Amino acid sequence: MFDETKLRRDIDTMRESIQLASVELATAYSPDDRRALVKHINVLQSELGDLLDKAERLGTVPVDCPFAVGETVEHAKFGPGVVTGVSGKMSGGDPTSPTGVRDTHWNIAVDREDANRGETRVAHWALKSRGS
């Protein structure tokens, strides 16, 4: 049986683990420690991606995502389409952040109305909502 609360808690825990490892990376001095932490962060991000994919398959999109599955959106270059999924929040290094990392964008899967384009993954900031 699907437990949405547990899945959301697991996603939040994974995000916290990535954030903690990013802080450790920012303070690591030896190249070996930094390499090990980068590898660890990559594994955690992959596991987070798996959890978000599971949430997407089960019809659950994370609460703070700016778009809902089925929502009609517009992209300046690619034109209109319908949101088919969310791959998760992408992060990047930020030396001004206390954690050394910040969320940069949501990776949104959009099925284009133009049949020649098919599905495209785009950053949320490049999309505008056109309603449901």
Side-chain angles (χ1 to χ4, degrees):
M1 176 133 213
F2 171 60
D3 184 356
E4 184 173 348
T5 305
K6 181 183 180 322
L7 182 58
R8 286 184 187 275
R9 189 174 48 244
D10 290 347
I11 288 170
D12 289 341
T13 300
M14 191 61 63
R15 284 184 176 149
E16 289 170 8
S17 297
I18 291 169
Q19 198 168 31
L20 178 63
S22 297
V23 169
E24 291 174 10
L25 177 62
T27 60
Y29 292 107
S30 85
D32 290 339
D33 289 346
R34 292 185 65 77
R35 274 192 292 279
L37 282 166
V38 166
K39 190 174 183 178
H40 179 64
I41 290 170
N42 289 338
V43 168
L44 291 173
Q45 287 177 331
S46 175
E47 290 174 5
L48 175 60
D50 292 345
L51 287 172
L52 291 168
D53 287 345
K54 178 179 179 182
E56 181 182 328
R57 282 192 309 276
L58 296 170
T60 302
V61 174
V63 182
D64 52 348
C65 179
F67 296 103
V69 173
E71 187 172 350
T72 304
V73 293
E74 179 80 30
H75 186 280
K77 182 177 179 182
F78 301 129
V82 176
V83 174
T84 57
V86 179
S87 295
K89 207 177 260 187
M90 307 309 285
S91 299
D94 181 6
T96 62
S97 169
T99 63
V101 70
R102 69 178 172 86
D103 294 330
T104 57
H105 65 276
W106 283 96
N107 199 5
I108 310 289
V110 178
D111 190 17
R112 300 286 162 207
E113 288 181 5
D114 179 358
N116 295 330
R117 291 203 184 271
E119 186 178 90
T120 311
R121 293 199 177 269
V122 229
H124 78 277
W125 50 262
L127 299 171
K128 291 182 182 172
S129 178
R130 291 178 56 196
S132 295

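Keep in mind it's a predicted model, so treat the numbers as computed, not measured.
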dist Gln19:CD -> Ile41:CD1 (nearest 0.5 Å) comes out at 11.0 Å
In Å and rounded to the nearest 0.5 Å, what is the OG to NE2 distance from Ser129 to His124? 13.0 Å
Compare every heavy atom of Phe67 with every heavy atom of Val83, then report the nearest pair and how far apart it is. CG2-CB, 4.1 Å
Which heavy atom in Glu74 sits nearest to a heavy atom in Pro80, and how many Å separate them? OE1-CB, 3.6 Å
Give the minimum heavy-atom separation between Gly79 and Arg112, together with the two atoms involved. O-NH1, 3.2 Å
Contact summary for Ala21 and Leu37, nearest pair of heavy atoms: O-CD2, 4.3 Å
Taken to the nearest 0.5 Å, the spacing of Asn42 CG from Lys39 NZ works out to 10.0 Å
Can you tell me how far the OG1 atom of Thr72 sits from the CG atom of Asp111, to the nearest 0.5 Å? 11.0 Å
Does any N or O in the side chain of Ser17 come within less than 3.5 Å of the main-chain N or O of Thr13, such that one atom is a donor and the other an acceptor? yes
Quick one, Arg15 and Ile18 - any side-chain contact, counting heavy atoms below 4.5 Å? no
Non-hydrogen atoms of Arg34 and Leu25 that approach each other most closely: NH1-O, 2.7 Å
So do the side chains of His75 and Val110 get within less than 4.5 Å of each other, counting heavy atoms only? no
